[in-house]
Every structure is written in C-alpha cells, then in structure tokens.
K.L.:
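Have a look at this one.
Side chains are part of it too, since the values below use all heavy atoms of this structure and drop only hydrogens, waters and symmetry mates.
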Amino acid sequence: MLDKLFVNGNIYTMASEGDRLSALGVKDGIIAYAAETVPEKLPDAAELIDLKGQTMIPGMGDSHQHLYAYCQNLTFVDLSGVRSVDEMIGAMKARADETPEGGWIKGVNFDQTKWKENRFPTLEEMDRISRTHPVVIKRTCLHCVVANSKGLETVGVGRGYKSDGGGLVELDENGYPNGILREQSTKVFDDVMPDPLKDPNVQKEIISRVFRDMSSRGITTIHTYAAKIWQYNESIDIYRDFERRGELPVRVTVCIDELFEPEKLTEEQRKDPYRKAQLGAYKIFSDGSLGSRSAALREPYADDPGNSGFVLCTQEELNEKVCTGYRKGLQPAIHAIGDRALDMTVSAIEYTLKKTAEEGMSREEQEKRLPFRIIHAQLADQEQIARMAKLPLIADMQPIFLQTDLHWMEERVGKERLSQNFPMKSMLDAGIIMTGGSDCPVETYDPIQGMATAVTRTDPNGYPQGGYIPQEKLSVYDALCLYTKNMPFATGQEEVLGTLEEGKFADLAVLDRNPFDTPEEHLREIRVMQTYIAGERVFVRVE
C-alpha cells in the first residue's frame with residue numbers, strides 16, 4: 001500500500017518539457033507510482049490527496065546563498081527599502097538612540113543605486129548618525145561597507161592606512177579614510193563586531209523562522225556558502241542539530257571557503273539523500289561585484305574610467321587554489337562576476353584538468369568527479385561561453401540579479417558589453433548546465449521570482465517592456481529547470497532528486513496555477529500551496 005497518492009492535478013515531472021502524470025504515489029518517501037494516464041483502478045493508498053486541478057512540480061531550490069549571514073542580517077537594520085541618504089540616516093539613528101553608547105550599529109542591504117542621490121554616503125553624513133557609536137552599513141552585494149568616524153577609529157583605520165591584498169580602503173586627498181571600504185578590507189569590522197546568533201536560542205528561533213518561510217515558497221533544497229572573509233561562517237553542525245531534532249524541512253548542502261580533508265567529506269556520505277544536511281563545495285573568490293565596481297573587468301568601468309575592478313589573487317595563485325582543492329577530492333566553486341575574472345576562472349579549470357592528467361589522473365576518474373562550479377558568470381562573451389561548454393562545469397546563475405542590475409548595467413559597462421550580461425539562453429544553447437540561486441541576502445531566495453525574472457528579464461514592475469536583452473530570455477520550462485531538474489547535477493544527486501520519476505525522492509511543490517499556461521507578466525503572482533520533502537508535508541497554505 002502507498003503512503004500517499006496524488007490525483008486530479010497537473011503533475012509535471014520536469015524530466016522533459018511537457019512530460020506530465022495523472023497520478024503520483026509515494027512510499028517511504030520515495031516516488032513509487034507514476035501514471036501517465038488514469039488507470040481503471042488506482043492502487044490503494046493510506047492517504048488520497050486531491051490536487052483539485054492545481055499544478056505539482058518537483059521541489060525547488062537555491063544553488064547559491066548565505067543562509068547564516070541572512071539570519072544574522074535579520075537582527076540588524078534592514079536598509080533594503082531605503083531610497084535616500086537622509087532616510088538611511090534616520091533609520092540608523094533610530095537604532096543608535098536605543099543602543100547604549102559605544103555599542104555597534106549595523107545596517108545591511110543598502111543599495112545606493114536605488115537612492116535618489118545614486119552615490120555612497122560621505123563620512124560627514126555617516127557621522128550624523130552618531131559620533132559615540134561605531135556605525136557601519138553593508139551594501140547588498142556584501143562587497144562594500146561604509147563606516148562613520150567612530151567605526152573607523154574603533155578598528156584602527158586612520159590616515160595613510162594601507163590595505164592588505166585583496167581589499168581597498170578609500171582615502172581622501174589628504175590621506176584620511178573617507179569611510180568606504182571594499183572587498184577583504186571590510187573584514188576589519190567583521191572581525192570585531194559581535195555575532196547575535198552566538199546565542200543558541202536566538203540562532204534556533206531565527207533559523208527556524210527562515211526554514212518555515214522557505215517551505216512556504218516551495219524550497220526543498222539549498223546550497224549555503226560560507227564567506228569567511230566577512231565572518232559569514234557556516235557550520236554543518238547547526239543543520240545536523242536541526243536534522244537530529246526532526247526539524248529540518250529543507251535539504252542543506254554546506255559549502256566552505258577553506259580546504260577540508262577529503263575523508264571528512266567521505267564520512268558525510270554526500271550522495272546519501274536520506275541525510276538532509278551534507279557538506280558540499282570548496283568556495284574560492286576571484287573578484288568582487290559590479291554594484292560596488294570591484295568585479296574584475298577586461299576594460300574599465302564606463303562610469304569610472306580609471307577603474308577596472310580588481311582580482312583577489314593572481315592567475316598562478318588561482319590555478320594553485322583550484323588545483324589543490326581538486327587534488328584533495330573537493331569540488332572547486334569559483335566566484336567570478338567580471339569578464340576578466342571569468343577568463344581567469346576558466347583558465348584555472350583548464351589548468352587543473354591538464355595538470356592532474358599529467359600527474360596520472362585518468363580521464364575516466366576525472367569524469368567521475370563532481371563538476372566544477374562557476375558562481376555568477378555574470379559577464380560572458382561567446383568565446384568564453386564556448387570555452388565553458390568544453391569543460392565539466394555547472395554555471396550557478398542568479399537570474400534575480402537582473403531585476404536590480406538592469407537599471408544601471410549600461411551605466412556600469414557601456415552599450416558594447418551590455419549583451420554579455422547574464423547570457424543564459426546563449427549558455428543553454430551551448431549545452432552548459434545552469435542552476436538558479438539568489439545569493440541571498442543579496443536578493444530574495446523566492447524561486448518563483450527568480451524563475452519569472454529569467455523568463456521576462458524585467459523588474460517586478462515589468463520594466464523594460466519586452467525584456468532586458470530579450471534574446472537571452474528563457475522559456476518557463478528552462479527557467480524552472482534551473483531551480484528543479486538541474487539542482488542535483490551540482491551535487492551528484494541527479495539519480496535521486498530533481499524530477500518526479502519512480503525511484504526518486506518525493507520532494508514536491510504544489511502551485512495554485514499552471515506556470516506553463518500563465519502569461520509571463522503574471523508569473524510572479526504564482527503561489528505555493530503545499531510543499532513536501534521525502535513525502536512529508538512541511539507546508540500547507542491556509543486560505
């Protein structure tokens with residue numbers, strides 16, 4: 001007897017475009033029955049679930065986010081809705097007024113491109129928040145912060161300050177810091193600011209709340225990344241504790257930005273889908289972000305002609321990092337946003353495959369390894385795409401970035417490079433497997449919003465009409481694949497996750513309407529009605 005049998009719905013397997021079932025049965029968390037047409041007699045089931053014409057798809061995922069950092073941010077001042085310098089000052093000052101003198105005041109998720117001034121705040125403006133509290137605000141991309149004078153003084157950033165490699169502290173004409181720090185220089189604040197999630201009760205409450213929200217959005221899988229340069233730590237133990245208590249409604253793959261021993265990875269049994277919390281990739285940074293003008297470009301920024309961004313290591317250093325991780329049996333995942341950083345990243349992968357082959361690794365052994373991962377690949381021309389297509393790699397894309405970046409991308413990179421921005425249809429046509437992520441807390445982890453953005457290439461208001469670089473739009477099926485079918489290819493679990501086929505885990509999302517019949521301008525309105533992981537319902541919408 002089946003545990004559950006779903007009937008009377010549009011059940012899309014996502015195995016191929018248009019592939020549908022009339023009934024789906026679950027036994028012990030596994031899809032044990034999949035009928036393409038309604039048989040005369042349905043199998044017996046302990047629970048018969050009438051979908052009432054609603055649409056079922058595989059559970060959705062997010063292939064790149066920073067969950068712990070997002071949870072930390074929920075305790076800070078959220079500046080995502082701020083639209084001017086004065087509004088930012090007011091929000092931060094309100095927190096300072098209720099904080100004992102000397103206590104840190106932190107704001108997160110600011111985006112100066114959405115402010116009427118379209119610039120970073122000055123040191124004088126930051127000092128209007130407080131002169132007795134150290135104050136810092138972090139840009140939504142995570143790659144830039146702005147501090148007040150007390151904050152700079154507290155961490156010892158003064159006149160003539162010299163940054164370590166991989167970072168930048170801006171100085172005025174007299175050699176004094178102006179409050180703006182980029183990339184690894186920002187860690188001087190992260191190293192000393194208290195972590196509110198160190199309180200286990202606060203940690204459990206906030207992470208539990210976020211998990212519940214993820215389930216309400218049809219998410220059954222996430223890949224969360226540490227970013228130690230900003231003290232964005234991740235620990236497998238946190239999620240294992242949730243799993244031991246039976247309180248983990250999402251499969252969590254934890255990716256770490258430092259080397260770890262392969263035997264530890266083996267112990268985690270990464271390919272065992274019965275275990276919801278597992279270790280994943282080895283994260284490596286190569287450059288910064290376009291929003292903070294620190295992504296490494298081949299040619300200077302159109303709106304900052306003296307600046308081409310910067311890389312966080314040389315080509316030789318990147319080659320060695322990638323190759324060392326690969327030799328140890330790890331899966332290198334390289335952050336590369338600018339086209340110059342992408343060149344370096346592709347070259348490092350090519351170098352690693354060649355070098356390890358010369359050292360005796362057979363082609364068969366290389367083919368058994370998990371694919372390399374390139375995170376973002378936001379600016380890529382046709383030559384770079386052709387090089388990527390020849391390599392065993394996954395492109396972890398963030399379509400949701402478009403809804404923000406399309407408003408200022410031409411200003412940043414100019415018209416000539418504009419067509420290279422998130423060329424997802426070109427990558428698809430080249431045969432590159434792409435996954436969908438959010439880089440949360442940079443953008444929302446809601447996969448419906450990410451899918452809709454990949455299809456429309458507009459912001460939530462429908463701008464620009466017809467879509468931004470419309471030739472790079474994806475179909476609804478291909479966009480949904482980023483968040484369903486393609487996700488497990490990044491972790492080697494495609495045989496047991498990603499599509500609704502017999503023998504795979506029953507990770508399911510039920511939608512209030514059929515995305516394949518929905519006009520693209522209404523895709524963002526789709527709501528998740530139910531979510532299941534391994535056949536267990538973890539969310540139901542109460543009307």
Side-chain angles (χ1 to χ4, degrees), residues 65-99 103-131 133-152 154-155 170 178-183 185-190 193-197 206 209-210 213 227 230-232 288-294 398 400-401 403-405 407-408 438-446 449 459-461:
Q65 63 172 244
H66 306 280
L67 175 58
Y68 191 86
Y70 174 67
C71 292
Q72 284 179 319
N73 282 0
L74 293 178
T75 69
F76 302 133
V77 181
D78 182 12
L79 301 175
S80 60
V82 164
R83 293 297 178 262
S84 71
V85 171
D86 283 343
E87 193 177 343
M88 178 276 294
I89 292 172
M92 295 294 289
K93 195 173 188 307
R95 178 65 64 90
D97 290 344
E98 62 186 33
T99 302
W104 280 94
I105 311 298
K106 184 174 182 178
V108 294
N109 301 328
F110 87 86
D111 185 348
Q112 84 286 354
T113 68
K114 296 179 179 178
W115 295 356
K116 68 179 182 181
E117 298 89 352
N118 191 22
R119 61 169 174 80
F120 290 115
T122 65
L123 186 60
E124 291 75 17
E125 288 166 333
M126 292 297 293
D127 285 343
R128 284 170 51 193
I129 298 169
S130 176
R131 287 186 173 276
H133 298 84
V135 177
V136 63
I137 60 174
K138 178 161 284 193
R139 195 180 185 279
T140 184
C141 66
L142 313 178
H143 292 262
C144 180
V145 302
V146 187
N148 71 344
S149 294
K150 184 66 173 178
L152 295 170
T154 301
V155 296
E170 291 192 9
N178 66 5
I180 300 171
L181 294 83
R182 304 177 193 269
E183 298 306 324
S185 293
T186 65
K187 73 189 297 292
V188 296
F189 298 107
D190 299 316
M193 292 185 67
D195 177 3
L197 299 191
I206 291 178
R209 187 195 332 155
V210 171
D213 185 64
W230 304 309
Q231 294 299 319
Y232 286 178
S289 75
L290 287 164
S292 64
R293 298 186 184 86
S294 57
Q398 292 73 41
I400 196 71
F401 278 13
Q403 68 178 21
T404 297
D405 294 8
H407 292 280
W408 45 258
S438 64
D439 209 6
C440 172
V442 177
E443 294 282 359
T444 174
Y445 50 64
D446 187 341
Q449 301 307 307
D459 69 11
N461 298 317

K.L.:
Could you walk me through whether Leu152 and Phe189 pass the side-chain contact (heavy atoms from CB on, under 4.5 Å) test, one step at a time?
P.N.:
CA-CA 9 Å; Leu152 295 170; Phe189 298 107; 4.2 Å; yes

K.L.:
Are any of the side-chain heavy atoms of His407 and Thr113 separated by less than 4.5 Å?
P.N.:
no

K.L.:
Any carboxylate oxygen within less than 4.0 angstrom of a Lys/Arg side-chain nitrogen, looking at Asp97 and Lys93?
P.N.:
yes

K.L.:
Taking all non-hydrogen atoms of both residues, which atom of Ile400 and which atom of Ser438 are closest, and how far apart?
P.N.:
CG2-CA, 3.9 Å

K.L.:
Test your reading of the model: is there a side-chain donor-acceptor pair from Thr140 to the backbone of Val442, 3.5 Å cut-off?
P.N.:
yes

K.L.:
Can you measure from NZ (Lys106) to CD1 (Ile137) and round to the nearest 0.5 angstrom?
P.N.:
11.5 Å

K.L.:
Under 3.5 Å, side chain of Thr75 to main-chain N/O of Gln72, donor-acceptor pair present?
P.N.:
yes

K.L.:
Would you say Glu183 and Ser294 are linked by a side-chain donor-acceptor pair, where the criterion is simply a distance under 3.5 Å?
P.N.:
yes

K.L.:
First locate atom CD1 of Ile206, then atom OH of Tyr70, and finally report the distance between them rounded to the nearest 0.5 Å.
P.N.:
10.5 Å

K.L.:
Could you note down all residue pairs passing salt bridge (Lys or Arg N to Asp or Glu O under 4.0 Å) where residues 109-120 supplies at least one of them, sequence neighbours left out?
P.N.:
Asp111-Arg139, Arg119-Glu125

K.L.:
On a heavy-atom basis, which atom in Ser130 and which in Ala96 lie closest, and how many Å separate them?
P.N.:
CB-CB, 4.4 Å

K.L.:
Looking at Cys144 and Ile180, what are the two nearest heavy atoms and their distance?
P.N.:
SG-CG2, 3.9 Å

K.L.:
Which atom names give the shortest non-hydrogen contact between Pro441 and Asn109, and what distance separates them?
P.N.:
O-OD1, 3.4 Å

K.L.:
Nearest 0.5 Å, what's the CD-CG distance between Glu170 and Asn178?
P.N.:
4.5 Å

K.L.:
Give the intermediate values and the outcome of side-chain contact (heavy atoms from CB on, under 4.5 Å) for residues Thr99 and His133.
P.N.:
CA-CA 9 Å; Thr99 302; His133 298 84; 4.1 Å; yes

K.L.:
In chain order, what residues pass the salt bridge (charged side-chain N to carboxylate O under 4.0 Å, His left out) check against Asp86, with sequence neighbours excluded?
P.N.:
Arg128

K.L.:
Starting from the C-alpha separation in whole Å, work towards a yes-or-no answer on side-chain contact (heavy atoms from CB on, under 4.5 Å) for Glu443 and Gln449.
P.N.:
CA-CA 10 Å; Glu443 294 282 359; Gln449 301 307 307; over 6 Å; no

K.L.:
I'd like to check Lys150 versus Ile105 (side-chain heavy atoms, cut-off strictly below 4.5 Å). Are they in contact?
P.N.:
no

K.L.:
Please report the C-alpha distance between Leu67 and Tyr445 in whole Å, then the side-chain angles of each, then the deciding distance to 0.1 Å, and finally whether the side-chain contact (heavy atoms from CB on, under 4.5 Å) criterion is met.
P.N.:
CA-CA 10 Å; Leu67 175 58; Tyr445 50 64; 5.9 Å; no

K.L.:
Rounded to the nearest 0.5 Å, what separation is found between the CE atom of Met92 and the CG atom of Leu79?
P.N.:
6.0 Å

K.L.:
State, with a plain yes or no, whether a side-chain heavy atom of Val136 is found less than 4.5 Å away from one of Leu181.
P.N.:
no

K.L.:
Within this structure, what is the CE-CH2 distance for the pair Met88 and Trp115, rounded to the nearest 0.5 Å?
P.N.:
4.5 Å

K.L.:
Quick one, Gln112 and Val146 - any side-chain contact, counting heavy atoms below 4.5 Å?
P.N.:
no

K.L.:
Does any non-hydrogen side-chain atom of Val77 lie less than 4.5 Å from one of Val108?
P.N.:
no

K.L.:
Give me the atom names and distance for the closest heavy-atom approach of Ser84 to Glu87.
P.N.:
OG-N, 3.1 Å

K.L.:
Between Pro196 and Pro194, which heavy-atom pair has the shortest distance, and what is it?
P.N.:
CD-O, 3.4 Å

K.L.:
What distance separates Arg131 CZ from Met126 CE, expressed to the nearest 0.5 Å?
P.N.:
12.0 Å

